[in-house]
Amino acid sequence: MQEPQTVAAAEDMSILEAIRAALFAEMARDERVLVFGMDVGTLGGVFRVTQGLQQHFGGDRVFDTPLAEGAIVGASVGLAIGGMIPVPEIQFLGFTYQAFHQIGPQLARFRSRSRGRYPMPVTIRAPDGGGVRTPEFHADAVESQFTQTPGIKIVCPAFPDDARNMLSMAIRDPDPVLFVEPQRLYRTVRGPVTVRDDPLPFGRARIVRQGSDVTLIAWSAAVHLCLTAASELQSAGISASVLDLRTLVPLDVAGLVQAVTSTGRAVVVHEAPLTGGFGAEISATLHEEAFLSLDSPVIRVGGRDVPYPPGALEDAFLPTVPRIVSAARKAVEG
Amino acid sequence: MQEPQTVAAAEDMSILEAIRAALFAEMARDERVLVFGMDVGTLGGVFRVTQGLQQHFGGDRVFDTPLAEGAIVGASVGLAIGGMIPVPEIQFLGFTYQAFHQIGPQLARFRSRSRGRYPMPVTIRAPDGGGVRTPEFHADAVESQFTQTPGIKIVCPAFPDDARNMLSMAIRDPDPVLFVEPQRLYRTVRGPVTVRDDPLPFGRARIVRQGSDVTLIAWSAAVHLCLTAASELQSAGISASVLDLRTLVPLDVAGLVQAVTSTGRAVVVHEAPLTGGFGAEISATLHEEAFLSLDSPVIRVGGRDVPYPPGALEDAFLPTVPRIVSAARKAVEG
Amino acid sequence: MTQQPIEAGAVDSTVTRDARLGADGVASGDAPMSREQVLEAYRLMLQSQAIDDLAIKLQRLKRVGLYAPVQGQEAAVVGSALALDPRRDWLVPASREQPAMIRHGLPLVNFFAGYMGRLDSAGIPEGVKLLPRQQAIAAQLPHAAGLAWAMKLRKERAAVMVYCGDGASSEGDFHESLNLAGVMHVPLVVVVINNQYAISTPFHKQTAAQSLASRAIGYGMPGIAVDGNDLFAVYAASDDAVRRALDGGGPTLIECRTYRVGFHNTSDNPNDYREQEEVSAALADDPTTRVERYVLAQGLLSPGAMAQLKVEIRAELDAVQRSVADLPRPEADFIFQNVYDVLPARTEQQRAETVKEDRR
Amino acid sequence: MTQQPIEAGAVDSTVTRDARLGADGVASGDAPMSREQVLEAYRLMLQSQAIDDLAIKLQRLKRVGLYAPVQGQEAAVVGSALALDPRRDWLVPASREQPAMIRHGLPLVNFFAGYMGRLDSAGIPEGVKLLPRQQAIAAQLPHAAGLAWAMKLRKERAAVMVYCGDGASSEGDFHESLNLAGVMHVPLVVVVINNQYAISTPFHKQTAAQSLASRAIGYGMPGIAVDGNDLFAVYAASDDAVRRALDGGGPTLIECRTYRVGFHNTSDNPNDYREQEEVSAALADDPTTRVERYVLAQGLLSPGAMAQLKVEIRAELDAVQRSVADLPRPEADFIFQNVYDVLPARTEQQRAETVKEDRR
Ligand SMILES: Cc1ncc(C[n+]2csc(CCOP(=O)(O)OP(=O)(O)O)c2C)c(N)n1
Ligand SMILES: Cc1ncc(C[n+]2csc(CCOP(=O)(O)OP(=O)(O)O)c2C)c(N)n1
Ligand SMILES: [Mg+2]
Ligand SMILES: [Mg+2]
């Protein structure tokens, strides 16, 4: 899990700026790259992530589309066949529901269906996650639903540096990528960004905090909850590692096993409802691959098994630092 | 897991006949019950499951719809609000992709969104599963995708008796149910059917074979693979239980734990791709709830992490009896 | 089948109406509404403006989460909703039809409770034939088609009116449900509030169609485009459509052409994507002002009574808002209510945990 | 915006063509196709019939899985495809356009290899501007819209022709992609093969619209309904549309009205849902027979040459079929090919396992 060579000096950015920088860089690098979706052009996106792109690259490469998620993704398939590199935005991950039939069964399978003739270098960007009191659907963290339709990669950065480099990687990847952006962190998490020209391939988890008693596993915004929980645990005398998965597909099984073996205990945290969430996959995998190294079972902390509630009640739904802390205590103390 | 009282003598039926009998019975019992979908009326469905219904109950209660899965499910929401009990058919579970945005985020959430004002007594029937060399999508076993949208129940019978009783229960249930029908078994599995007037609630797994060394856990068509595997294991001196989950939501956690505790070893089998399949949920749950009773980790046997292949190659994709047998051996022998 | 004659051009089902209530407040021809109806409409339009103002103020004070104003669309929303009989007909909103929901029977307290997070009081009361607001664009359309279908199957004499926006007209749900409604010949009235924008996306980027009403032909139903700022035109078209629905004449598509004068919602800034001139032009043709002029000209209200009415409306809202603020906030385990009839055991356990955590 | 005039009825964009090649094989007016084109069409139509026969036979012998015949639709499929230049234009099939795929460059061997499970040989060769068949109804439409959009963005002079059925016209994908194509003004030709059925569901249960071509108006593009059994009418409309697309005139919707004479596919029995008379009527107006009469009347082929041609076509197919039968069946690990550019480690492990299991 060693990081490759740096080619530019680090710059401090928010996640939002890092994503925008990646879009600028990739559009400049390859004129086949197109950015489109609802309101991404003139407005620059409802979060202003794509701000300035249309002015810079013109209305042929950055454009607003009609309000139809299925067509946005479906057209991306055709644009890719026609030699373009589409980077569509779905305004919120919770509206990939409307495009579901064009993502897993079409975009993800087109390389295979066409026996390799039509690879799909498409990156779908979509923000998700709770904590910002959005209306219904706008927080739904449904990334695990796409793990049942192989052919697509799922990338969930938690830091500006990863957002910057992994979005570039996604756009250059010959395969489709669902790139999930933690809306809660867009402007709140800042950090150094170092542009890498030859980054590691997808599928490498990263230890973002070293500890010895328990490993907290997460991706996307939940990584930061785990970091806070780890600090609290520290005060209570428990030393927690935090592993940022970074990509769900491909999954870094070796990295997971290694991180958990070193502590013997693990808690996996995600915002999606517990049942059927990707935490189950992590837990199942760890038990399969590292059973004998586990001193206690992997504990999952997820969203509740209910529909995402109105903003006023999202704390009752979401995994919180206290819930993570108490799960970690349980893992360690039994 | 004791079965309740019988109210009618057992009759021998195929799964298909059992489903049809349940539809006849529920339509006769309650005139609000409607059956609709593509080709379910005049034709009686592409598998002839609904044959005879339209002649018997008339074109107002059994009707063909346009080719639009989203509208079929979406209209069901409205029909339910209007006081009907819709039993829509989606021609194959793999075409719930097209209705995805109307199932989890709408149908499943309407009770909650309307704060109880509009319960959704809707049962979506859909066949799925491999082994019958269907074209693309027709075999996709995507039941786990619906476990991330709470509010809907997921029922996956493997025997005629369950098909008959659980479909009746589903139709009478005030909540939405996704009722998955194993197409491979429609006509091949026959068995006694005893109509129960007051069946057990959903969420009770059933031990369909008793054993002492390892518990094979499955639902839908895979239950029968497990039964075959259990016979083979018997010859090799390994005594396997087979647990038929019957419903994924609600999940019979207590039944699972009890069944696995008695053997100390478990293998979970499903047709969906391994990663993100419901086997992960079973494995994670068992480790969380029965860690100390497990002599070895729960092993998953699933479909491969690739798109469902053309018919000629489905055996390479699907869980097979040999794969189950060798997983069970590994669980037992380490 | 191949022998059937090829049609000499499909019949155009789009009917267009002349203006009824002009920008000057003068009605051409007979008014399609009674004096009482005009006054009801006027009151609802004023109330809608007052709700916009109050909700935006409360949002700025962080007492309301997000608010999407009606401003500019009052005639389209009120004129259509008034064609319904709330005891008989159903109303299915999108998410910007506040006065229609209230007119259809949603109590003001419940209305504000929804926006102010007092969820225990925010439901739709039993008997009010209304669906909750829909946040997934266009998803309400198949629900409405199904509901109308239920009315037909039950032989209930009732119409269903459903709203959606110009943006919504691009979603698959729009198409699938209108086609279904057409072929099932159900008593549905689809009111498209074409306010020229879907967030920042103007109508000409939404579709190349000249009119959304023209889509009706492809579903075998009548379609009509009206000036959505003309209360009388909207009401007349809606009333026609409701009658047709009640008389077994099937569904109708109505496009109300209006303009979203305000921001998309409280977190939007329209200056980022449109010119002030465009907004000024629209402001100059405020639909409520048209009605106000008519009301004064016809002597339905004196200037004094009108001023009094405005004060009353604002006072009522403010009182409601204050009483809602006094309502209890929901408990944490509210999120487990109404998920299922009976919670699954595992979820029940989560509920218990949540209650315990909340107490800590 | 509210000041814009309310249109006096939307303009109807549906144009209708007179019959060109009647049931008697007599052309009215000038033939829109050259002699060579007519002969090419005729050959393709005969070949399509022969493929239907052979594939059904092979299915009965369990050497083909499932087959959906073209019978009755030959003029619609061939007449449209012939308007394309395969070196320049793209063809996006649904799943019942066999002769179009072959004409566009799919080698017969690859074609049969697909049906006969010889997957290693079933791909679309590099350079053939064709997409694979689509099993999810209507899902190909947005792909085609996107592909046409790519042509426009790249300033390539190329048209994209996409097929779908009458059933497909009810899916959300149909609507979303036609609307997108309209607003992006891309070089797309949408050919709806209205064969009156979607499995058992007749057209009048599919929609209340009189014509599917009439939907074009709602997307701001020209629409035309033609007798789909009339080769010349189909060709002329398609040729117009392709030219318009190439000249920057945007998309066109063409509805070909024809009839699915055969079963939906080899596991369907149409007697369960339709009357034989209806089929007989359609059989009496076989589109290939129309062309055959024309070919004979115009002396394009002598009766002897025609008989010879039919023998040749069948012989060729049979030879191809036999050579395909000799091709190797795919290995088990074929399923892991082309899932990703590089397989994830975990999937790679599954591949290794599969190979090992397969060897046992
Ligand atoms: C399916 C879906 N996609 C995207 C959004 C985000 N969104 C919320 S409102 C809106 C624009 C809606 O435009 P329109 O239908 O014209 O209604 P208006 O806001 O003008 O009333 C969008 C894109 C959503 N809520 N649902
Ligand atoms: C999304 C989807 N829903 C359902 C089906 C099952 N199905 C296969 S063919 C068919 C009918 C298609 O009718 P139409 O579009 O008219 O094409 P045709 O078969 O007449 O060529 C159906 C419903 C499917 N393949 N895809
Ligand atoms: Mg709008
Ligand atoms: Mg058809």
Side-chain angles (χ1 to χ4, degrees), chain B residues 32 34 36 60-61 63-84 86 88 98-99 101-102 105-122 150-153 173-176 201-203 247 249-254 285, chain C residues 90 92 119-126 128-136 138-154 156 158 160 162 171-173 175-184 186 188 334-347 349:
Chain B
R32 295 169 304 168
L34 307 175
F36 54 95
D60 261 11
R61 294 187 58 204
F63 29 76
D64 297 320
T65 60
L67 207 170
E69 287 82 4
I72 291 173
V73 177
S76 301
V77 170
L79 284 161
I81 293 170
M84 313 309 285
Q98 268 73 5
H101 62 296
Q102 284 289 346
Q106 296 295 334
L107 176 64
R109 288 189 187 177
F110 226 89
R111 178 191 276 273
S112 144
R113 179 179 306 135
S114 69
R115 315 203 192 292
R117 170 77 194 277
Y118 302 120
M120 287 287 129
V122 176
I152 191 162
K153 299 178 182 176
D173 198 292
D175 286 317
F202 288 141
T247 61
V249 179
L251 182 61
D252 186 3
V253 177
T285 298
Chain C
W90 285 84
V92 182
L119 303 176
D120 294 300
S121 309
I124 296 166
E126 219 33 76
V128 176
K129 297 187 168 188
L130 176 68
L131 267 60
R133 291 160 71 221
Q134 177 60 253
Q135 296 291 353
Q140 72 280 11
L141 289 156
H143 308 162
L147 181 51
W149 192 0
M151 295 305 111
K152 181 179 175 182
L153 289 170
R154 296 169 60 125
E156 259 188 62
V160 177
V162 61
E171 285 278 7
D173 274 345
H175 174 72
E176 294 189 4
S177 49
L178 268 75
N179 187 50
L180 183 75
V183 79
M184 298 298 172
V186 300
L188 182 71
F334 181 91
I335 69 171
F336 294 93
Q337 283 174 30
N338 295 312
V339 177
Y340 293 95
D341 182 38
V342 178
L343 268 192
R346 155 178 266 190
T347 321
Q349 202 176 315

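Predicted model, so just to flag it, every value in this text is computed and none were measured.
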Checking [X] against chain C: side chain, backbone, both or neither under 4.5 Å from a heavy atom?
{"X": "B:D175", "result": "side chain"}
{"X": "B:L34", "result": "side chain"}
{"X": "B:S76", "result": "neither"}
{"X": "B:I81", "result": "both"}
{"X": "B:F202", "result": "neither"}
{"X": "B:V73", "result": "neither"}
{"X": "B:P119", "result": "neither"}

So which of [options] has the biggest tally of heavy-atom pairs under 4.5 Å with chain B?
{"options": "C:V92, C:L141, C:V160, C:V339", "value": "C:V339"}
{"options": "C:R133, C:E156, C:R154", "value": "C:R154"}
{"options": "C:G123, C:A122, C:P132, C:P344", "value": "C:P132"}
{"options": "C:A158, C:P142, C:A181", "value": "C:P142"}
{"options": "C:Q134, C:M151, C:K152", "value": "C:Q134"}

Where is the tightest heavy-atom contact between [X] and [Y], given as atom of each residue plus distance?
{"X": "B:M84", "Y": "C:A150", "result": "CG-CB, 3.9 Å"}
{"X": "B:Q106", "Y": "C:A136", "result": "NE2-CB, 3.7 Å"}
{"X": "B:P66", "Y": "C:V183", "result": "CG-CG1, 3.7 Å"}
{"X": "C:A139", "Y": "B:Q102", "result": "O-NE2, 3.2 Å"}
{"X": "B:I152", "Y": "C:Y340", "result": "O-OH, 3.0 Å"}
{"X": "C:L153", "Y": "B:L79", "result": "CD1-CD2, 4.1 Å"}

Under 4.5 Å heavy-atom distance to chain B, tell me which part of [X] shows up: side chain, backbone, both or neither.
{"X": "C:L130", "value": "backbone"}
{"X": "C:D173", "value": "side chain"}
{"X": "C:I335", "value": "neither"}

- Reported CE-to-CZ distance for the pair C:M184 and B:F36, which is rounded to 0.5 angstrom: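 Nearest 0.5 Å value for the CE-CZ distance: 8.5 Å.
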- Interatomic spacing from CD1 in C:I124 to OH in B:Y118 - rounded to 0.5 Å: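 If we round to the nearest 0.5 Å, C:I124:CD1 and B:Y118:OH are 5.0 Å apart.
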- Message: Has C:N338 got a side-chain atom pairing as donor or acceptor with B:R111's backbone, closer than 3.5 angstrom?
- Response: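 Looks like no, no N/O pair under 3.5 Å.
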- Relative to the ring of B:F110, is the ring of C:H143 parallel (under 30°), tilted (30 to 60°) or perpendicular (over 60°)?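 Judged by the thresholds at 30° and 60°, the geometry between C:H143 and B:F110 is perpendicular.
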- In terms of heavy-atom pairs under 4.5 Å with chain C, which of B:P174, B:G78, B:G83, B:P201 leads?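 Looking at each of B:P174, B:G78, B:G83, B:P201 in turn, B:G78 comes out on top.
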- Query: Can you name the residues that form a side-chain hydrogen bond (donor to acceptor under 3.5 Å, both in side chains) with B:R117, not counting sequence neighbours?
  - Reply: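 Per chain and number, B:R117 pairs via side-chain hydrogen bond (donor to acceptor under 3.5 Å, both in side chains) with no residue.
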- Task: Report the residues that fulfil side-chain hydrogen bond (donor to acceptor under 3.5 Å, both in side chains) with C:Q349, sequence neighbours left out, ordered by chain and then residue number.
- Result: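 None.
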